[in-house]
K.L.:
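Here it is, the structure, as structure tokens.
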Amino acid sequence: MMKNTALTATHEALGAKMVPFAGYNMPVQYDGVNIEHEAVRTGVGVFDVSHMGEFLIEGPNALDLIQKVCSNDASKLTVGKAQYSCLPNDDGGIVDDLIVYRIKEETYLLVVNASNIEKDWNWISSKNDVGAEMRDLSEDYSLLAIQGPKAVEAMQSLSSHDLAEIKFYNFVVGDFAGIEHVIISATGYTGSGGFEIYCKNSEVKQIWDKVIEAGAKPIGLAARDTLRLEMGYCLYGNDIDDTTSPIEAGLGWITKFSKKFTNSEALEDEKRRGPERKLVAFELDERGIPRQGYDIVDSSGKTIGNVTSGTMSPSLGKGIGLGYVPPIFSEAGSKILVQIRKNAVPATVVKLPFYKG
Amino acid sequence: MNIPSDLKYTKDHEWVKIEGDVATVGITDFAQGELGDIVYVEVETVDETLDIEEVFGTVEAVKTVSDLFLPLSGEIVEFNENLEDEPEKVNTDPYGEGWMIKIKFSDASEVDNLLSADDYKALLGA
């Protein structure tokens with residue numbers, strides 16, 4: 001059965017094109033992906049991403065559990081801070097990527113991908129031999145991402161908190177759009193700044209309406225994907241999955257060997273030896289659009305890897321993508337080719353982000 | 001939705017304009033709306049002679065790649081090269097500046113099998 005968010009009827013009334021995504025009926029676009037992309041890059045847009053999952057981990061041993069399952073070092077988190085992290089599996093891959101929020105001294109919020117809610121819950125539960133209390137709030141909570149360079153200015157009238165004071169990957173629990181005790185988090189998946197607002201399902205319609213009234217344009221999942229890809233942010237299921245290691249995916253920066261965690265010894269060994277393949281960012285040198293699943297080939301036509309995400313970049317006006325290749329092709333400036341139908345189209349490995357603002 | 005009455009159509013949501021032995025081909029207003037923002041039109045079959053329903057090119061929207069099928073057998077004599085720089089013309093003017101190819105068609109009887117505007121309307125349930 002397809003699930004709805006608390007705002008599905010609102011999206012339909014706005015004329016959104018709806019698609020099934022991770023079991024939810026979600027808006028893929030309203031006016032058109034290019035217009036929506038541009039709105040977030042230059043103004044402010046709002047995304048309903050209530051399909052995301054939220055777990056509360058509480059109690060004196062909450063941190064112990066999080067440290068065991070997460071690659072990043074959550075002991076660095078103070079109350080009011082958030083951290084990007086991933087859940088390594090036992091076989092060198094990734095169960096999911098997530099954001100960990102420290103809400104109170106002994107209360108953490110884990111925000112996970114919609115498609116992985118059940119898998120993550122079962123995984124974390126299976127590692128919970130320390131007696132941490134776990135609650136799945138996914139069905140009760142909504143999430144709005146308000147993103148763009150004008151987000152702070154446009155939304156300030158909706159909160160008594162000074163939004164400009166909330167630093168990147170910090171959050172406050174406070175009032176927003178007339179609702180008390182919502183999480184206002186300076187996070188996002190677009191690279192254009194802004195906030196994410198966590199609230200109860202019963203509260204989200206009021207917040208959405210006021211955010212739109214304050215000037216945000218509704219943005220669908222299609223633009224969410226082009227925006228994140230222009231930054232090179234990984235998408236679970238495309239660029240990372242159960243078979244890709246955080247080291248080869250370029251997530252070494254959130255993989256901290258200052259503590260033990262699932263499969264940490266093997267990952268530390270992989271980091272020391274160097275991974276056998278690396279996730280790289282590339283731009284096509286000629287016309288064309290790389291797509292997930294296309295082969296990456298070398299100059300002799302031999303397949304050396306595959307594209308994990310690709311699109312026509314609305315900001316750059318060229319084909320961009322991410323894909324795995326052997327390390328000898330991973331330096332910026334390396335020449336690779338992407339097999340697009342009958343043509344091997346030349347591409348150059350570049351440093352992220354694609355979009356530099 | 002715009003379905004000009006002087007054009008012929010296919011079930012693959014292409015339109016065909018017959019002038020002498022040359023047919024101009026594009027995708028319909030319905031098709032461009034379903035695809036969303038079109039970002040790339042690839043046609044590498046100019047000067048080739050293909051059969052009806054063979055793939056003559058590809059149209060790519062931000063999230064989708066769709067094959068383009070030849071509505072009539074014949075030689076592809078021209079590609080609208082303006083679409084290389086302005087693929088969005090397919091969205092803004094699908095029956096005009098968004099045209100894709102011209103075919104010198106080889107079998108006039110195939111023209112009779114194309115859909116009329118009314119047939120196409122019925123196909124869409126419009």
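So you know, we letter chains A, B, ... as the sequences are listed, proteins then strands, and number each from 1. As a basis for the values below, the full set of heavy atoms in this structure was taken, side chains included, without hydrogen atoms, waters or symmetry mates.
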K.L.:
If you tally heavy-atom pairs under 4.5 Å against chain B, which of A:Ile289, A:Thr226, A:Val28, A:Thr311 wins?
P.N.:
A:Ile289

K.L.:
What part of A:Lys342 lies closer than 4.5 angstrom to a heavy atom of chain B: side chain, backbone, both or neither?
P.N.:
neither

K.L.:
A quick test of your reading: do over 12 heavy atoms of other residues, nucleotides or ligands sit less than 6.0 Å from NZ of A:Lys17?
P.N.:
yes

K.L.:
Quick check: closest heavy atoms across A:Arg341 and B:Val65, and the distance to 0.1 Å?
P.N.:
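Scanning both residues completely, I find the closest heavy atoms to be NH1-CG1, 3.5 Å.
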
K.L.:
Closest approach of B:Ala61 and A:Arg291, non-hydrogen atoms and distance?
P.N.:
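Scanning both residues completely, I find the closest heavy atoms to be O-NH2, 2.8 Å.
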
K.L.:
Taking atom NZ of A:Lys356 as the centre, does the number of heavy atoms from other residues, nucleotides or ligands within less than 6.0 Å exceed 12?
P.N.:
yes

K.L.:
May I ask you to list the residues in residues 82-103 of chain B that approach chain A closer than 4.5 angstrom, counting heavy atoms only, ordered by number?
P.N.:
B:Glu84, B:Asp85

K.L.:
For the pair B:Lys63 (side chain) and A:Val33 (backbone), establish whether a donor and an acceptor sit closer than 3.5 Å, ignoring hydrogens and angles.
P.N.:
no

K.L.:
Report, as yes or no, whether the 6.0 Å neighbourhood of atom NZ on A:Lys217 holds more than 12 heavy atoms from other residues, nucleotides or ligands.
P.N.:
yes

K.L.:
Give me the atom names and distance for the closest heavy-atom approach of A:Asn34 to B:Asp37.
P.N.:
N-OD2, 2.7 Å

K.L.:
Does any backbone or side-chain atom of B:Glu60 lie under 4.5 Å from a heavy atom of chain A? Answer side chain, backbone, both or neither.
P.N.:
both

K.L.:
Over all heavy atoms of both residues, which pair between A:Met312 and B:Val39 is shortest? Give the atoms and the distance, please.
P.N.:
CE-O, 3.5 Å

K.L.:
Between A:Pro314, A:Gly288, A:Ala223, which residue shows the highest count of heavy-atom pairs closer than 4.5 Å to chain B?
P.N.:
A:Gly288

